[in-house]
Amino acid sequence: MNERYDFQAIEMKWQQRWAQAQEFAAREDSTLPKYYVLEMLPYPSGALHIGHVRNYSLGDSIARFKRMQGFNVLHPIGWDAFGLPAENAAIKNEIPPERWTMDNIAIMRKQCLQMGWTYDWEREIATCRPEYYRWTQWFFLQMYKQGLAYQRKGTVNWCEQCQTVLANEQVVEGCCWRDGTLVIEKELEQWCFRITEYNEQLLQDLDQLEDWPEKVKSMQRNWIGKSVGAQVTFPLADTQGDGLDIFTTRLDTIYGATFVVLAPEHELVRGWMDDTQSSEELSRFVKAIRRQGKALRTAEETEKKGVFTGHYAINPFTRERIPIWIANFVLMEYGTGAIMAVPAHDERDFDFAKNYDLSIRQVIQSQDQDAGPDLEQAFVDDGVLVNSESFSGLSSEVAQKKMVEYAQAQGFGEAAVSYRLRDWSISRQRYWGTPIPIVHCQKCGAVPVPEEDLPVKLPKVETIQLGQSPLATIPEFLNTSCPKCQGKAQRETDTMDTFVDSSWYFYRYTDPQIDSAPVRDEAVRYWFPVDIYIGGVEHAILHLIYMRFFTKLMRDLGLTGFGEPVKRLFTQGMVLQEGMAMSKSRGNTVSPESVVREYGTDALRLFIQFAAPPERDLDWSDQGLEGCSRFLKRLWRLLHRIVEEMSPDATASSVSREELSEPGRALQRKLHQTIQKVTNDLERIRQNTAIAAIMELLNSIYEYADREDQPDPAMLKEVLKTTALLLSPFAPHFAEEMWETLGQAERLTFAPWPVFDPELAREEEVKIIIQVNGKVRSRVSALPGISEEEMQTLALDDQKTKAYIEGKTIRKIIVVPQKLVNIVV
RNA sequence: GCCCGGGUGGCGGAAUUGGCAGACGCACAGGACUUAAAAUCCUGUGAGGGUUUCCCUCGUGAGGGUUCGAGUCCCUCCCCGGGCACCA
């Protein structure tokens, strides 16, 4: 008797068969409906961690489900292979980053196969291969041509630990996203992508992403940070110059603008500092602020400090002469780097005015109260204008419109919009990345490498030394000739941010072989959009905004015809241990390998999908895993018991309801209800409840099989076959084995997904809930299709119910068809 | 401060539309099998109470509201998680 569930043998057996058959290689076929399941590609860090297992098992359950439903499924995988950890490992272990990376890919690829994930390995990509990064460089050149890639000298975020520049998106609370090192400012020449060119589209198009989590959309909206307001020019009072531009979202408060504040980095300030008449105090203050790190300067608890410049501007509305100050709380990067200060109606300006005894003038009055004598704090809400000449009496909203019109007519202002989103700084002063295809020539300046010369290959290195840009130390790479004048020139030695590599990889999957273009039009047209994209929420404003940017760029380059690449985004939760993130330093990690060794892949896959809804964090539990393993063993035992008991002639595979006894019909009903539930749950990505439904079904099968009176063998076989089908997205090896044990010749992977029959799923009798005054008092059975009148009669005749309504007047009876009667007394 | 989530037994979590709160699993308790244990199987398991095959009361963060009926809808508040933040 083959009783023991030998998961190792079973899993190996099916993995080998799947690999031989190449069953999961996708073919373009316009006669079939397609489904593109994508998971965020992993960084080859060494071995799969439990978070990968959750992410990819979820994706695989969807891929398998859709495949069985008859979709032509594209389910690819690749490697986000460039990046710092490879370089750090190279420094530590003195091995080439390429070898470290390729070794890791080999390990992780093997693990993917051991997990039974159905990837199309013919489409595997690695972003560090020249055939791939050639096109990353090509994108750079296209952007350069369009003016969307440009070089800028300026202040950048610098991580001392990583020895490189970071994009704004990679700075989290003033620290490096990777290692938490405090980010410092540095002046550097940098390549940037003009993502701000697309800020309005990136914002607007979020509205069409109906199947994206609200959370991610709101994070992106916050990050783009659009503010609508006005730009107004304040003429300088006694100095030469064009005047001072300020941005405000509260033009209605401008009559209360009693001074102006500049950021210390403002260009006017530079001029004034050079002025011999400028005060010592001014220079000292500016230098002190600029020395201070941004994190400290922008901390909320930092006191508002400033200094008077000695200069004045004219408020164009009041025509008053008002002082110009410099302060730490005004930032150069936002708006125009200058503000009009309205202390009566802005908390920051209020604090500042109190500190330096500047005048405060109320110009907005709350709608429901009279103007108080003295403001004790800023009144920041909208209201009605006062002390504002002809605008007095208007509401804030109306006044803003009229005042913009007025400013525009007078020629000193206009409506304006400001965004928080900054251009994407992509230069990295490191080795292991895509080389930037630019040559620096003494005569011609920065010259792009001609497209036909791509790829600019990354030279091989044996080891890497810390503290230098490796590419600058390799003469064969560095020295070249200028593509324009053929003179001596040097290559750009920075490489690209790895987020550039991953901004377009999912397009490449549609045809990873093509070498005449980054993508092939028909392939993209067939497979796109991505039907579902699964990954962690930590990329909500990194990868997921860059990827949307690239999609718009590709559309504008004429490569594709759409603006959004992903129809449905699914952000899965993290795997925690006792409520805390797993980390090597904390020593609370769970190794997928050892779990697989002890319980098998199927038990792990089942547990990780059962323990919590996919979008929520999941607390790891050895006992929960044990429970799932128990479920598989229990099913195994039942399967073999039934197969052995079954006489050979009992293999008729169809069961008609008429031939079944009542318990058999009940099981058939449960089966069809389960098919319906599992199918719906998979569409909704509620794998946890889908699995719970299969567990319930198994409980029902046991109940039926253990009956004294001859259970119907054909019914048992049918229910087990369907159980195998339903289980296959979650525990595929087990399901295949089960399918084979039940005598099925063809492969389960492409067997059609079961369809539920509403006729068979329908209850033979309905349970009617009887309530009195909204409280459940009784339950009675009735035949389906019972009329409302009959239900009422049934309720009123019910013995239990009678006790509650006796001697009381019935005021009203509510009947919910087939479900409930509520008697109000 | 602003913007998104979320709060249900001892625990993870169920409950597409307002209609039996607690599915499924874990843990726990009792029992069966066993010399014993493991494994397995059966039973019970929100709280409190009663006249204990059964029945009652309370119960989904707090308070109020809408409704015949609210975990679900509305208002106010509290707590937890996440994002943004001296952003003008």
Side-chain angles (χ1 to χ4, degrees), chain A residues 172-173 213-227 229 246-250 253 257 261 263 297-304 327-331 333-342 345-349 351-352 380 418-420 537-538 540-541 579 606-607 610-613 615-628 630-631 633-634 637 677 680-681 683-684 686 688-699 702 706 767-779 800 803 811-816 818-825:
Chain A
V172 181
E173 285 171 4
E214 201 45 55
K215 182 181 183 166
V216 171
K217 289 193 277 186
S218 108
M219 280 165 78
Q220 292 209 359
R221 278 189 200 105
N222 276 340
W223 188 256
I224 296 167
K226 180 181 182 176
S227 301
I246 61 97
F247 174 76
T248 180
T249 54
R250 289 296 303 275
T253 65
V261 191
R297 182 174 152 192
T298 57
E300 192 154 8
E301 53 285 358
T302 304
E303 207 194 331
K304 287 175 184 46
N328 57 352
F329 72 93
V330 177
L331 307 173
E333 310 91 83
Y334 189 75
T336 60
I339 63 158
M340 65 174 202
V342 185
H345 304 294
D346 181 283
E347 277 169 28
R348 295 153 303 180
D349 300 347
D351 291 349
F352 192 77
V380 298
S418 196
Y419 298 87
R420 221 188 65 92
V537 75
E538 66 273 16
I541 40 184
L606 199 62
F607 168 68
F610 172 67
E615 71 279 6
R616 286 241 274 269
D617 286 351
L618 175 159
D619 219 331
W620 182 264
S621 150
D622 288 330
Q623 283 155 338
L625 171 68
E626 199 98 38
C628 286
R630 231 172 357 236
F631 163 77
K633 287 182 197 158
R634 201 161 109 89
R637 280 194 305 272
K677 173 135 183 73
N680 285 347
D681 283 351
E683 294 289 0
R684 294 193 304 151
R686 300 300 298 266
N688 56 326
T689 48
I691 294 167
I694 301 172
M695 289 173 168
E696 271 187 70
L697 178 63
L698 177 62
N699 292 342
Y702 258 103
D706 287 344
K767 226 178 234 169
I768 307 293
I769 309 300
I770 302 172
Q771 296 184 333
V772 178
N773 288 341
K775 282 186 179 163
V776 180
R777 293 304 182 186
S778 182
R779 305 168 175 90
K800 277 191 211 153
R811 296 239 304 269
K812 201 174 175 185
I813 299 178
I814 288 114
V815 180
V816 181
Q818 316 294 308
K819 244 186 199 162
L820 174 143
V821 181
N822 188 11
I823 303 164
V824 188
V825 297

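Each chain gets a letter, A, B and so on, in the order its sequence line appears, and its residues count up from 1.
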**Sequence-distant partners of A/Phe329, ring pair (Phe, Tyr, Trp, His ring centres under 6.0 Å), two or more places apart** =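 If we apply the ring pair (Phe, Tyr, Trp, His ring centres under 6.0 Å) test to A/Phe329, skipping adjacent residues, the hits are A/Phe352.
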
**Fill in**
By ring pair (Phe, Tyr, Trp, His ring centres under 6.0 Å), A/Trp620 pairs with (sequence neighbours left out) A/Phe607

**Item:** nucleotides 46-60 of chain B: protein proximity per nucleotide (B base, S sugar-phosphate only, - neither; heavy atom, under 4.0 Å)
**Value:** ---------SSSS--

**Request:** At under 4.0 Å between heavy atoms, which parts of nucleotides 6-16 of chain B does protein reach? Answer with one letter per nucleotide, 5' to 3': B base, S sugar-phosphate only, - none.
**Result:** ------BSSSB

Please classify the nucleic acid contact of [X] as base, sugar-phosphate, or nothing, using heavy-atom distances under 4.0 Å.
| X | answer |
| --- | --- |
| A/Val816 | base |
| A/Val330 | base |
| A/Gly335 | nothing |
| A/Ser227 | sugar-phosphate |
| A/Asn328 | base |
| A/Asp346 | nothing |

Listed partners of [X] passing salt bridge (Lys or Arg N to Asp or Glu O under 4.0 Å), at least two apart:
| X | result |
| --- | --- |
| A/Glu683 | A/Lys66 |
| A/Arg779 | none |
| A/Asp681 | A/Lys677, A/Arg684 |
| A/Arg348 | A/Asp346 |

Cut-off 3.5 Å, no hydrogens considered: what does the side-chain donor-acceptor table look like for residues 769-776 of chain A, sequence neighbours left out?
unit_1	atom_1	unit_2	atom_2	d
A/Asn773	OD1	A/Val825	N	3.0

**Item:** Gap separating the CZ atom of A/Arg420 from the CD atom of A/Glu333, nearest 0.5 angstrom
**Value:** 10.5 Å

Measure all distances between protein nitrogen or oxygen atoms and nitrogen or oxygen atoms of nucleotides 1-4 of chain B, and list the pairs falling under 3.5 Å.
unit_1	atom_1	unit_2	atom_2	d
B/C4	O2'	A/Lys215	N	3.4

**Item:** Dot-bracket summary - RNA chain B, pairs being Watson-Crick or G-U whose distances fall under 3.5 Å, with | when paired to another strand
**Value:** (((((((..(((......[....))).(((((.......))))).(((((...)))))..(((((..]....))))))))))))....

**Fill in**
Walking RNA chain B from its 5' end, the first of A/Gln220 and A/Leu331 to be reached, judged by nearest nucleotide, is A/Gln220

**Item:** Earlier contact from the 5' end, RNA chain B, for A/Gln623 and A/Asn822
**Value:**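 Looking at the nearest nucleotide for each, A/Gln623 comes out on the 5' side.
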
**Request:** Assess whether one donor atom and one acceptor atom, taken from the side chain of A/Arg779 and the base of B/C20, lie less than 3.5 Å apart.
**Result:**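 By the distance-only test, yes, there is a pair.
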
**Asked** When the distance from CG of A/Leu606 to P of B/C24 is rounded to whole Å, what number comes out?
**Response**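 To the nearest whole Å, that distance equals 16 Å.
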
**Prompt:** Between A/Glu214 and A/Arg221, does at least one N-O distance fall below 4.0 Å, as a salt bridge requires?
**Reply:** yes

**Item:** Greater than 12 external heavy atoms within 6.0 Å of A/Glu347's CD
**Value:** no

Distances under 3.5 Å between protein N/O atoms and the N/O atoms of nucleotides 30-32 of chain B, please, pair by pair.
none

